[in-house]
Number of protein chains: 2
Amino acid sequence: MITHAMEDYLKTVYLLQEGQKKVSTSAIAQQMDVSAASVTGMIRKLAAMGLLNYASYHGVELTEGGKKIAQEIIRHHRLLELYLVEIMGFTWDKVHDEADKLEHVISEEFEERMSEALGHPTTDPHGHAIPAKDGALQEVAYETLTKVDAGSSATVQHVNDNDPEMLRYLDQLGILPSTVIQVVSKEPFNGPLRLRIDQTEHFVSREVAGNVFVAAPGKEAN
Amino acid sequence: MITHAMEDYLKTVYLLQEGQKKVSTSAIAQQMDVSAASVTGMIRKLAAMGLLNYASYHGVELTEGGKKIAQEIIRHHRLLELYLVEIMGFTWDKVHDEADKLEHVISEEFEERMSEALGHPTTDPHGHAIPAKDGALQEVAYETLTKVDAGSSATVQHVNDNDPEMLRYLDQLGILPSTVIQVVSKEPFNGPLRLRIDQTEHFVSREVAGNVFVAAPGKEAN
DNA sequence: AATTATATTTAGGTACTCCTAAATTTTTAA
DNA sequence: TTAAAAATTTAGGAGTACCTAAATATAATT
Ligand SMILES: [Mn+2]
Ligand SMILES: [Mn+2]
Ligand SMILES: [Mn+2]
Ligand SMILES: [Mn+2]
């Protein structure tokens with residue numbers, strides 16, 4: 001039997017491993033806000049179930065079976081987020097927490113009906129790709145806005161969705177997926193970035209910029 | 001902290017006590033399909049939390065606090081059932097199980113947005129009253145179709161919603177809330193009932209009739 | 001290469017929810 | 001009013017998911 005907690009671990013490993021790389025116990029612990037000891041315990045169980053490969057002291061890697069479950073949960077999560085925004089009228093800062101609970105309990109029929117109501121969408125409100133019913137998810141690793149050179153422009157691909165306050169702030173600035181941002185200048189000593197968004201200039205901290213993932217012009221997704 | 005299991009116990013006690021009467025350990029155990037010993041254990045915990053009054057060996061009764069939580073969960077459940085049918089297109093036989101899981105995890109905002117989307121409805125797809133946001137639920141105790149005299153007619157108030165197969169059969173017969181049914185005759189020795197529904201005659205078992213709750217003409221609800 | 005720092009695992013517990021079997025209380029029937 | 005039946009509680013356990021503290025392994029530094 002696969003429990004809700006197990007689903008959360010698999011989801012976390014999947015999102016942390018971005019492709020193939022091994023994921024450490026402490027990375028999982030930090031991400032999930034549980035102790036490293038708890039992670040070790042759960043990992044051993046998941047490894048025994050054949051959902052991930054585990055080399056003691058050297059991190060884990062999902063098996064195909066583990067990946068499949070993780071993708072399913074991520075599909076639930078992202079479809080839910082979009083459904084909550086588009087159909088139910090939630091603001092984008094409230095949907096992550098709601099989806100984190102609902103993702104484990106909805107049926108396949110619920111998933112399918114959401115997808116239909118939304119016209120089988122491919123990205124969630126924050127710009128994250130929605131895995132296809134079976135299909136894998138090639139989450140491209142974009143750079144954050146902090147890496148963009150002063151003078152250059154970039155297009156927002158996705159934003160971190162786990163901090164509601166941050167999302168409200170970004171919304172206020174007009175920063176959402178597909179927004180074009182020009183980095184006018186970057187102040188030294190970890191100073192603020194001067195951004196031009198839709199004719200208006202804003203100064204934002206590096207912390208804020210670190211939550212915004214962009215593609216430089218000419219190398220947008222797909 | 002109130003857990004999902006506790007919510008389920010409170011909901012069950014609320015629905016079993018219909019008004020004031022005390023609810024026995026075994027009634028709860030049977031309804032929830034757990035052992036009587038498990039019920040005793042949980043009851044003691046809920047009593048310690050002040051959510052119900054418990055006299056050892058003599059059953060339980062919800063306190064006002066316990067009732068409030070039960071009503072909240074029942075409101076979630078019934079709004080969800082209606083939302084799933086009306087907005088998402090589920091058939092009425094699939095919604096009970098889905099709602100049983102979702103009822104514990106949706107937020108107050110989710111509840112409110114469903115209610116709004118549905119125009120603040122007062123009954124669920126099976127004819128059960130939806131408790132108001134704060135308000136109590138006066139679930140009137142209707143009789144089942146088996147109690148209706150041969151020759152009389154009655155109006156369906158609600159049907160049991162926990163058996164999907166039964167619901168599909170009732171739907172096929174055209175038996176849903178507000179349907180008028182004439183009991184043409186009742187065969188002896190627990191024999192079938194001969195029903196006239198919308199000009200057509202049907203023979204149904206007592207078991208089926210026991211799932212249909214009606215008000216005799218002249219004494220419909222409200 | 002040895003020491004120190006960091007990461008990870010193991011050991012021992014707690015809380016929650018459920019179980020079966022045995023003991024006890026209440027109810028029913030003789 | 002006593003004995004049998006039924007209902008309920010208590011005792012003892014299991015599985016899940018966490019935790020802290022101690023032990024151990026790996027990585028970094030001198
Ligand atoms: Mn999210
Ligand atoms: Mn998202
Ligand atoms: Mn129901
Ligand atoms: Mn119902």
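All chains are named by letter (A, B, ...) in the order of the sequence lines, taking the proteins before the strands, and each is independently numbered beginning at 1.
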- DNA chain C contacts among residues 26-39 of chain A, heavy-atom distance under 4.0 Å: A/S26, A/A36, A/A37
- Is there a residue in residues 43-52 of chain B whose heavy atoms reach under 4.0 Å of DNA chain C, and which residues are they? B/K45
Distance (rounded to the nearest 0.5 Å) between [X] [atom1] and [Y] [atom2]:
| X | Y | atom1 | atom2 | result |
| --- | --- | --- | --- | --- |
| B/F110 | B/L79 | CZ | CG | 10.0 Å |
| B/Q31 | B/L16 | CD | CG | 5.0 Å |
| A/D163 | A/L170 | CG | CG | 9.0 Å |
| B/N160 | B/N211 | CG | CG | 4.5 Å |

Nearest-Å distance for atom pair [atom1]/[atom2], residues [X] and [N]:
| X | N | atom1 | atom2 | value |
| --- | --- | --- | --- | --- |
| B/Y57 | C/dT28 | OH | P | 16 Å |
| A/M42 | C/dT9 | CE | P | 15 Å |
| B/M1 | D/dC18 | CE | C1' | 15 Å |
| A/Y54 | C/dA7 | OH | C1' | 11 Å |
| A/H4 | D/dC18 | NE2 | C1' | 17 Å |
| B/I2 | C/dA15 | CD1 | P | 18 Å |

Contacts of [X] that satisfy side-chain hydrogen bond (donor to acceptor under 3.5 Å, both in side chains) - sequence neighbours left out:
| X | result |
| --- | --- |
| B/D171 | none |
| A/T63 | none |
| B/T12 | none |
| B/T3 | none |

- Message: Does B/T40 reach a base, just sugar-phosphate, or nothing at all? Heavy atoms under 4.0 Å.
- Response: base
- Message: Within residues 65-74 of chain B, which residues have any heavy atom lying less than 4.0 Å from an atom of DNA chain D?
- Response: none
Less than 3.5 Å apart, which donor and acceptor atoms pair up between the side chains of residues 34-55 of chain B and the rest of the protein, not counting sequence neighbours?
from: B/S35; atom 1: OG; to: B/S38; atom 2: N; distance (Å): 3.1
from: B/S35; atom 1: OG; to: B/S38; atom 2: OG; distance (Å): 3.0
from: B/T40; atom 1: OG1; to: B/A36; atom 2: O; distance (Å): 3.2

- Query: Which pairs, with at least one residue in residues 4-46 of chain B and sequence neighbours excluded, count as a ring-ring contact (aromatic ring centres under 6.0 Å, His included)?
  - Reply: B/H4-B/H104
- OP1, OP2 of D/dT9 versus side-chain N and O of B/T25: anything below 4.0 Å? yes
- Query: Does OP1 or OP2 of D/dT16 have a side-chain N or O of A/Y9 closer than 4.0 Å?
  - Reply: no
- Between B/H77 and B/H96, ring centroids under 6.0 Å: yes
- Query: Mind checking what makes ring-ring contact (aromatic ring centres under 6.0 Å, His included) contact with B/F213, not counting sequence neighbours?
  - Reply: B/H158
- Message: Please compare A/M6 and B/A55 by the position of their nearest nucleotide in DNA chain D and report the one closer to 5'.
- Response: B/A55
- Task: Consider only side-chain N and O atoms of B/E72 and B/H76, and report whether a donor and an acceptor are under 3.5 Å apart.
- Result: yes
- Message: By the salt bridge (charged side-chain N to carboxylate O under 4.0 Å, His left out) test, which pairs, at least two apart or in different chains, include something from residues 103-112 of chain B?
- Response: A/K94-B/E109, B/K11-B/E103, B/R75-B/E111, B/E108-B/K133, B/E109-B/R113, B/E111-B/K133
- Please list every stem that involves DNA chain C, where a stem is a run of 3 or more consecutive Watson-Crick or G-U wobble pairs with both pairing distances under 3.5 Å. C:1-30 with D:1-30
